[in-house]
Amino acid sequence: MTIRTIVTVPEAILRRKAQPVTKFDEKLQTLIDDMVETMRAAPGVGLAAPQVAVSQQVIVVEYPLDDEDEEAKPKLFVVVNPQIVKTSPETVNGIEGCLSVPDLVGEVERAEEITVKGQNRRGQPVRIKARGWLARIFQHEIDHLNGVLFTDRATRVWKPEEPVEDNV
Ligand code: ZN
């Protein structure tokens, strides 16, 4: 596994729509393994392929399924060709930071609960129901696949005094 370089703004690939994955080959397995290692090294709790300069629809997320349970361990999610198929009408504001937008955070309104459909690393269908911070991470990562950055959605953006945790 290799730690890949995380590209930052204004790199053009971050603004491009990522391509759907059609081949679940060795190259994809290597990309996914590298993305997991790169996310952990950053450190971050989510990463989308365009952030490592690959314009393909792949995301990795590592976060507890239930963030209200303090004992819950982070769970690794790998989703290929992810689509949000359901969003709750309830929204919630939160402060996000992004590995590709250094030294900035922003307040972003996101759906509180979502359902994501896609495929796992072997091409089998997966369906994930996420709420709270996990739902926020998925929405942030899927935005990356559409060339959207949190700064596009934020109601305000500022330079934090302390480095932020849980970058995505
Ligand atoms: Zn990001």
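As the structure lists them, so they are numbered: ligands from 1, and atoms in each ligand from 1. For this chain, numbers begin at 1 and follow the sequence in order. Quick caveat: nothing in here was measured; it's all calculated off a predicted structure.
- Taking 2.8 Å as the threshold, Val168 counts as a candidate ligand of the Zn ion (ligand 1), since one of its N, O or S atoms lies below it.
- Considering Val116, Val58, Val61 in turn, Val116 is the only one that fulfils the side-chain contact (heavy atoms from CB on, under 4.5 Å) rule with Pro82.
- The Zn ion (ligand 1) is closest to atom NE2 of His144 (considering only N, O or S atoms).
- When NE2 of His140 and SG of Cys98 are joined through the Zn ion (ligand 1), the resulting angle is 110° to the nearest 10°.
- Judged by distance alone, the side chains of Glu109 and Thr91 do bring a donor and an acceptor atom under 3.5 Å apart.
- Between Arg110 and the choices Asn93, Asp143, Thr87, the side-chain hydrogen bond (donor to acceptor under 3.5 Å, both in side chains) rule is met once, by Asp143.
- Side-chain contact annotation: Gln119 with Asn81, donor-acceptor N/O pair under 3.5 Å present.
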